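Just below is one structure, and these are the notes that go with it.
If you're wondering where the values come from, they're calculated on a predicted model, not measured in any experiment. Whatever order the structure lists them in is the order used to number ligands and atoms, beginning at 1.
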Amino acid sequence: MRLLLVEDDAALSAQLQPQLEQAGYAVDWADNGVDGLFLGETGDYDAAILDLGLPGRPGRELLDRWRAAGRAMPVLILTARDTWRDKVDALKAGADDYLAKPFHPEELLARLQALIRRSRGRADSRIQANDLQLDEERQQALLPSREPIALTGTEFRLLRYFMLHPNRVLSKTRLTEHVYDQDFDRDSNLIEVYVRRLREKIGTERIQTRRGQGYVFVNQD
Ligand code: CA
């Protein structure tokens with residue numbers, strides 16, 4: 001899943017990024033309002049974390065303009081201000097949740113996961129497709145009458161993206177965008193390697209190859 005983090009506090013961002021990545025998110029970081037506005041308007045994100053006090057443009061303006069541009073990803077607002085008026089303003093402007101600094105990264109992660117689940121209409125932390133379950137907390141795949149299947153970080157991100165977008169052709173480019181961070185070497189041929197490994201772990205029939213187009217994760221439910 002791809003996440004946009006707009007936060008000018010470099011120390012906070014440096015602390016958050018590895019934790020977000022470990023939780024399975026590919027993170028794009030913008031340290032000012034101008035870059036954050038552009039990324040949020042043009043990128044394909046599953047969620048955004050947005051600081052209100054930013055250089056360049058205020059976070060509130062970013063939120064307004066993303067929403068005006070039809071961007072519907074869940075947005076969690078971060079701010080040092082903690083007055084009821086700021087919270088009400090942010091929520092009215094279309095934010096989905098609100099966290100006042102300082103906060104525990106664990107709380108941010110839990111709220112973020114809940115936001116993304118809600119935005120996809122799910123209430124629990126397991127994703128199901130046919131008899132396959134993905135446990136997001138433990139980053140394991142579960143199949144009936146088998147031991148839990150351990151997944152590497154990349155395998156987990158790839159499988160989660162497949163399971164959340166079943167029965168659609170997903171190009172290697174799109175998968176690469178949602179599995180790697182912006183700084184990574186985005187060699188889309190690596191996706192083939194990871195798809196092969198996933199097939200070895202969960203069964204070959206679940207991920208079909210569409211020659212020249214990409215892959216389809218099959219869910220018959
Ligand atoms: Ca700030």
Check ion pair R197-E155 (N to O, under 4.0 angstrom): yes

At a cut-off of 3.0 Å, what protein N/O/S atoms sit near the Ca ion (ligand 1)? D8 OD1, D51 OD2, G53 O

Cation-pi, Y25 ring and R160 (6.0 angstrom, 45 degrees): yes

Judged by modelled atom types alone, do D46 and Y161 share a side-chain donor-acceptor pair under 3.5 Å? no

Does the side chain of R196 pick up a donor-acceptor pair with the side chain of T204 at under 3.5 Å? no

Given P55, which of V34, D31, D8 fulfils the side chain to side chain contact (heavy atoms under 4.5 Å, CB included) condition? D8

Classify the ring geometry between H165 and H178 as parallel (under 30°), tilted (30 to 60°) or perpendicular (over 60°). tilted

